J.: 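Sharing a structure, written as C-alpha cells. Questions coming.
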Amino acid sequence: MTHDDHGDDHSAPAAEPVLLNLSAPARRSLVADLVRPAGSSPTPVDVDIPDPDLTAFLAGIAHADHGFTASTTSGPRALAVVAGTVAALCGEDIPTALTTPDLAFLKSLKPAAIEATRTVLLAIETPNEQAITEALRVLDR
C-alpha cells in the first residue's frame, strides 16, 4: 500500500481567492489635464454662447449617456462651464453657477463627484491653453 492509499491527506488547504480592485483611482482634481489644444476633438461645443442657451445645453448633457468637449477662448467662461456642469449634475441653479461660480463648493467636491463631472465635461479646447489653465488653477488651490 502506498501512502496515498491510506487516506492520509496531507495536502495544504485550498487557498481562498484574493479579490483585487482593478479600477482606475478616482480623480483628485477637477481640472487636471482638462485643457487641450484647439482641434483636439472632432466636435467641440462652443460654450461662448448666451447663458440661457448654455444653461439648456448643460441641463440636457448632464443626463446624456455621453460627455462633451467645450471650446472657449475665455478663462472666466471655462471656469463658468466647469461650475455650470457641476451645478447641472447636482441639480443646482445653473445660471447662478455660470455667473457666480462657488469656488469653495467646487474645491470641496469628493473624488466621486469629480469623476462624475469629468465624465460629462471631457475637456476644454482652446487656442490659448496657458490662459485657460491659469484661470482654472483657482480650483486646485
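The shown structure was predicted, so the numbers you read here are calculated from the model rather than taken from an experiment. Residue indices begin at 1 and follow the sequence shown.
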J.: L139 and L30: which non-hydrogen atoms are nearest, and at how many Å?
T.: CD1-CD2, 4.1 Å
J.: Looking at E125 and S40, would you say the former's side chain and the latter's main chain have a donor-acceptor pair under 3.5 Å?
T.: yes
J.: To the nearest 0.5 angstrom, please state how far the CG atom of D102 sits from the OG atom of S108.
T.: 7.5 Å
J.: How about E129 and P37: do any of their side-chain heavy atoms sit closer than 4.5 Å?
T.: yes
J.: So if you build clusters from Ile, Leu, Val, Met, Phe, Trp, Tyr with side-chain heavy-atom gaps below 4.5 Å, do L122 and L89 land together?
T.: no
J.: Report the distance from atom CG of L109 to atom CD1 of I114, rounding to the nearest 0.5 Å.
T.: 5.5 Å
J.: Please assess T73 against N128 for the test side chain to side chain contact (heavy atoms under 4.5 Å, CB included), listing each intermediate value before the final yes or no.
T.: CA-CA 6 Å; T73 58; N128 193 350; over 6 Å; no
J.: Nearest 0.5 Å, what's the CG-OG distance between L34 and S29?
T.: 8.5 Å
J.: Does this structure show an ion pair linking E115 with R118, if we count only N-O contacts that are shorter than 4.0 Å?
T.: no
J.: For S74 versus T72, what's the shortest heavy-atom pair and its separation?
T.: N-OG1, 3.1 Å
J.: Taking C-beta and beyond as the side chain, do L106 and V86 meet within less than 4.5 Å on heavy atoms?
T.: yes
J.: Name every donor-acceptor pair, under 3.5 Å, that has one atom in a side chain of residues 57-70 and the other anywhere in the protein, sequence neighbours excluded.
T.:
none

J.: Measure the spacing between CD1 of I94 and OG1 of T55 and express it to the nearest 0.5 Å.
T.: 6.0 Å
J.: Give a yes or no answer on whether the side chain of T100 reaches the backbone of A97 with a donor-acceptor pair at less than 3.5 Å.
T.: no
J.: What I'd like to find out is whether the side chain of L103 reaches to under 4.5 Å of the side chain of L79, using heavy atoms alone.
T.: yes
J.: Supply the atom-to-atom distance T133 OG1 to I124 CD1, rounded to the nearest 0.5 angstrom.
T.: 9.0 Å
J.: Using only atom types and a distance under 3.5 Å, with no angle test, would you say the side chain of T85 pairs donor to acceptor with the backbone of T117?
T.: no
J.: What is the distance from atom CZ of R77 to atom CG of D46, rounded to the nearest 0.5 Å?
T.: 9.0 Å
J.: State, to 0.1 Å, how close A78 and I132 come at their nearest heavy-atom pair, and which atoms those are.
T.: CB-CG2, 3.7 Å
J.: Please name the pair of heavy atoms, one in S71 and one in P44, separated by the smallest distance, quoted to 0.1 Å.
T.: CB-CB, 3.8 Å
